[in-house]
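Just so it is clear: chains get the letters A, B, ... in the order the sequence lines come, proteins before strands, and each one is counted from 1.
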Protein chains: 2
Amino acid sequence: MADLDLAPSALTDGGTWRFPTSEPLRLDSGGVIEGLEVAYQTYGRLNADRSNAVLVCHALTGDQHVASPHPVTGKPGWWLRLVGPGKPLDPERHFIICSNVIGGCMGSTGPASINPATGKPWALSFPVITIADMVRAQAMLVSALEVETLFAVVGGSMGGMQVQQWAVDYPERLASAVIIASASRHSAQNIAFHEVGRQAIMADPDWRGGAYADHGTRPEKGLAVARMAAHITYLSEPALQRKFGRELQRDGLSWGFDADFQVESYLRHQGASFVDRFDANSYLYITRAMDYFDIAASHGGVLASAFTRARHMRFCVLSFTSDWLYPTTENRHIVRALTAAGCRVAFVEIESDKGHDAFLLDEPVMDAALTGFLGSVERERGLA
Amino acid sequence: MADLDLAPSALTDGGTWRFPTSEPLRLDSGGVIEGLEVAYQTYGRLNADRSNAVLVCHALTGDQHVASPHPVTGKPGWWLRLVGPGKPLDPERHFIICSNVIGGCMGSTGPASINPATGKPWALSFPVITIADMVRAQAMLVSALEVETLFAVVGGSMGGMQVQQWAVDYPERLASAVIIASASRHSAQNIAFHEVGRQAIMADPDWRGGAYADHGTRPEKGLAVARMAAHITYLSEPALQRKFGRELQRDGLSWGFDADFQVESYLRHQGASFVDRFDANSYLYITRAMDYFDIAASHGGVLASAFTRARHMRFCVLSFTSDWLYPTTENRHIVRALTAAGCRVAFVEIESDKGHDAFLLDEPVMDAALTGFLGSVERERGLA
């Protein structure tokens with residue numbers, strides 16, 4: 001698939017945008033981040049009237065390399081299914097922007113960044129951030145790229161949370177929004193799974209209170225366990241059964257604690273490969289931002305009230321039948337609130353046994369829904 | 001509830017049965033355990049014709065204290081709901097036996113026991129055991145107590161696995177069997193969650209390759225993380241939402257990594273209290289036995305073939321609608337096989353939002369089903 005990766009944008013090949021200290025990021029916690037850096041990629045060209053820009057928002061462990069190879073793993077872009085020639089997001093027609101969230105570890109300011117005030121990594125002195133803080137930094141980047149209005153904001157999972165937050169905080173800068181396999185607030189079960197991951201990381205003595213960079217260690221075992229637990233939640237039980245069942249790694253049982261079953265080996269691989277590309281403190285901060293996410297809470301407990309300024313926008317909400325992390329019920333909750341707020345919403349529940357990860361995988365119904373929805377918005381906006 | 005705990009049996013108050021080395025336990029792995037010890041409790045009296053004995057089989061982290069206080073925690077017996085005066089299992093009528101599984105840590109031979117050959121704890125030199133090995137040890141105990149035939153074998157979760165294994169290996173010694181919230185083989189998702197728990201334990205440097213007893217350490221952090229991950233699977237998403245939702249521990253968010261949400265605090269408590277009463281290596285061995293469990297595999301892949309010798313027996317299978325660890329589909333699979341084998345089976349799916357843990361909780365429909373089923377078997381056997 002690597003040959004499908006896109007060439008960098010002709011306008012800008014992305015990189016890291018460094019904001020002057022005169023333009024700090026103001027956080028929900030009350031803190032500020034001065035000298036904010038936002039790492040991003042773009043694909044395609046901004047058109048003459050600057051009306052074809054699309055922002056893609058990534059999920060918990062995603063990054064800005066939506067359609068270009070990952071610099072560490074060399075793996076192809078994570079959403080080549082949706083971004084590319086002839087795809088729903090097409091660099092021939094769209095100017096596609098994707099940035100690493102703040103708190104992340106792929107170039108945007110996060111706990112592994114150097115705190116300019118101390119000259120040392122922030123580690124746990126990094127302020128706790130929210131989804132709204134991530135979106136505020138994205139809005140600063142989009143302005144810096146001289147884009148006033150986005151044709152669409154698109155994202156799955158935590159990306160879908162950012163899309164909702166955009167519609168709440170910056171509706172005047174948006175024409176449409178695509179929310180995939182997401183939720184308007186984290187459920188108790190979602191918080192519980194995240195807490196297990198955080199405890200696994202913090203239980204690793206190599207974590208050293210978060211200051212592992214100072215000690216030359218990395219809490220790799222804890223982070224791997226966190227990833228393994230999370231990974232189970234990304235797949236459905238039927239998908240695990242279909243892919244692995246009780247198939248063994250070798251002929252016969254080991255009568256020990258090696259990976260006897262293929263599903264064990266698969267999970268161990270998921271854990272081991274994750275630690276090569278992800279920072280443990282970033283995992284703490286981003287999961288925390290997701291747990292804190294609750295749009296209705298800051299709007300009198302009524303989700304629809306949050307979207308009243310987004311009535312001019314068009315929305316597309318997609319869910320997958322076997323997704324038990326962000327199930328259809330959670331997505332339908334968003335659809336109801338958008339409808340109650342007077343927004344126009346397309347909602348498609350897609351039959352799939354692939355679980356939450358379906359949004360990253362081969363789901364032709366998702367492609368067709370997005371092509372149809374975005375094409376309709378383009379025609380309405382005179383873009384097509 | 002502690003005052004409901006039962007007085008020890010008048011016949012025997014339980015304790016630890018020490019088998020002579022001339023009576024070793026032969027294991028599925030090919031190994032043997034010499035000097036086997038089985039810790040057990042009994043309640044009620046064996047009647048004159050020795051026909052009223054019931055064996056209760058415990059789940060992964062259970063023990064023999066089904067209806068008497070736990071010696072470490074002081075908490076009441078774990079199944080006082082079902083065992084007691086006027087309950088489905090009544091010491092006025094039944095002679096109730098419950099033993100700690102081998103591999104466990106409440107007195108039966110397990111990895112924390114002293115290996116007589118070396119004078120040191122077995123640790124990882126303890127042989128990997130199976131559910132059938134656990135049952136073989138129980139059968140030895142039942143014989144030692146001079147009970148030839150059991151009126152019933154009863155168990156939930158891993159206890160239900162043992163019940164099935166009894167029906168496969170010792171049908172001639174059983175009149176009836178009650179299987180609650182169980183499965184005839186571990187699914188890929190179940191194996192995956194267990195593997196996360198094992199990796200969490202083995203990632204803890206205090207585990208020391210299993211030889212923590214020699215080093216005076218205990219892998220408490222790893223075991224706590226394992227318990228936290230497992231505990232989520234014992235509850236349903238709706239139960240977590242109902243019990244905790246997004247309720248906070250204090251007014252407002254901490255903007256840090258303390259337990260902000262009640263569900264986090266609850267999980268941390270579950271992890272922390274578990275390590276006081278459970279041995280980490282036992283957790284490895286018992287989860288492994290569950291993962292290896294697959295009755296059909298040793299019967300040509302046809303589950304019904306395993307039960308053909310059990311046609312004289314009566315079975316009761318119970319499942320809970322919100323149990324996603326051992327869902328109704330898995331229990332129905334057992335019912336189908338038993339029916340195909342020509343056994344008489346009662347099957348009740350109980351509406352509950354409590355998840356897998358429902359079998360340990362207040363579920364009047366479960367009590368009624370067991371009372372009815374066991375009463376019917378008693379009348380058929382001339383016991384009532």
Side-chain angles (χ1 to χ4, degrees), chain A residues 28-31 124 127-128 185-189 191-196 198-200 202-206 210 221-222 224-225 228-229 231-232 235-237 239-247 253-257 259-264 266-268 271 284 288 291-292 294 297 324 327, chain B residues 28-31 124 127-128 185-189 191-196 198-200 202-206 210 221-222 224-225 228-229 231-232 235-237 239-247 253-257 259-264 266-268 271 284 288 291-292 294 297 324 327:
Chain A
D28 281 351
S29 64
L124 282 215
V128 165
R185 53 121 183 79
H186 239 206
S187 72
Q189 192 182 65
I191 296 171
F193 275 116
H194 275 177
E195 175 66 2
V196 168
R198 286 190 293 262
Q199 290 295 321
M202 297 194 284
D204 189 330
D206 284 340
K221 288 184 174 179
V225 169
M228 289 172 66
H231 200 80
I232 300 174
L235 305 175
S236 71
E237 196 276 331
L240 279 166
Q241 203 60 31
R242 172 171 50 75
K243 282 174 82 164
F244 304 108
R246 296 180 52 82
E247 291 299 313
L253 301 169
S254 72
W255 297 100
F257 297 102
D260 270 317
F261 297 95
Q262 289 180 12
V263 67
E264 293 177 293
Y266 170 79
L267 270 190
R268 290 185 188 188
L284 300 181
R288 203 49 160 166
D291 291 350
Y292 276 13
D294 184 354
W324 57 282
Chain B
D28 280 352
S29 65
L124 283 212
V128 165
R185 53 125 182 73
H186 239 205
S187 72
Q189 192 183 63
I191 296 170
F193 275 116
H194 275 177
E195 174 66 2
V196 167
R198 288 190 293 262
Q199 290 294 322
M202 298 194 283
D204 188 330
D206 284 339
K221 288 183 173 180
V225 169
M228 289 172 67
H231 200 80
I232 300 174
L235 305 177
S236 71
E237 195 276 332
L240 279 166
Q241 202 62 30
R242 173 172 49 76
K243 282 174 82 163
F244 305 108
R246 296 180 51 80
E247 291 301 312
L253 302 169
S254 73
W255 298 100
F257 297 102
D260 270 316
F261 297 96
Q262 290 180 11
V263 68
E264 294 177 293
Y266 171 78
L267 270 190
R268 289 185 189 188
L284 300 181
R288 203 46 159 172
D291 291 349
Y292 276 13
D294 183 355
W324 57 280

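- Side-chain contact between B/D260 and A/R288: present, with at least one pair of heavy atoms (C-beta onward) separated by less than 4.5 Å.
- With a 4.5 angstrom heavy-atom cutoff, A/V263 touches chain B only via side-chain atoms.
- Here the closest heavy-atom approach between residue B/A188 and residue A/F244 is recorded as CB-CB, 4.4 Å.
- Among A/E247, A/E237, A/K243, the residue making the largest number of heavy-atom pairs under 4.5 Å with chain B is A/E237.
- No other option in A/L235, A/I191, A/L124 has as many heavy-atom pairs under 4.5 Å with chain B as A/I191.
- Relative orientation of the A/F193 and B/F193 rings is parallel, given thresholds of 30° and 60° on the angle between their planes.
- We find the CH2-CD distance between A/W324 and B/Q189 to be 5.5 Å, quoted to the nearest 0.5 Å.
- Rounding to the nearest 0.5 angstrom, the gap separating the CG atom in B/L284 from the CZ atom in A/F257 is 5.0 Å.
- Of the atoms belonging to B/H194, not a single heavy atom falls under 4.5 Å from chain A.
- Residue A/A203 comes nearest to B/V225 through the heavy atom pair CB-CG2, 4.4 Å, listed as atom of the first residue, atom of the second, then distance.
- One finds the CG atom of A/D204 at 9.5 Å from the NZ atom of B/K221 (value rounded to the nearest 0.5 Å).
- Atom CD of A/Q199 is separated from atom CG of B/L267 by 9.0 Å, given to the nearest 0.5 angstrom.
- Contacts with chain B were tallied for A/S236, A/G245, A/G256; A/G256 has the most, counting heavy-atom pairs under 4.5 Å.
- With a 4.5 Å cut-off on non-hydrogen atoms, B/D206 does not touch chain A at all.
- Going from atom CG of A/L253 over to atom OH of B/Y292 covers 4.5 Å, rounded to the nearest 0.5 Å.
- Chosen from A/A192, A/S254, A/A239, the residue pairing most often with chain B at heavy-atom distances under 4.5 Å is A/A192.
- Taken to the nearest 0.5 Å, the CE atom of B/M228 stands 9.0 Å off from the CZ atom of A/R198.
- With hydrogens and angles ignored, the 3.5 Å screen pairs a side-chain donor or acceptor of A/R246 with a backbone N or O of B/D291.
- Contact count versus chain B (heavy atoms, under 4.5 Å) is highest, among A/M202, A/R185, A/Q262, for A/R185.
- For chain B, no part of A/Y266 is nearby; none of its heavy atoms comes within less than 4.5 Å.
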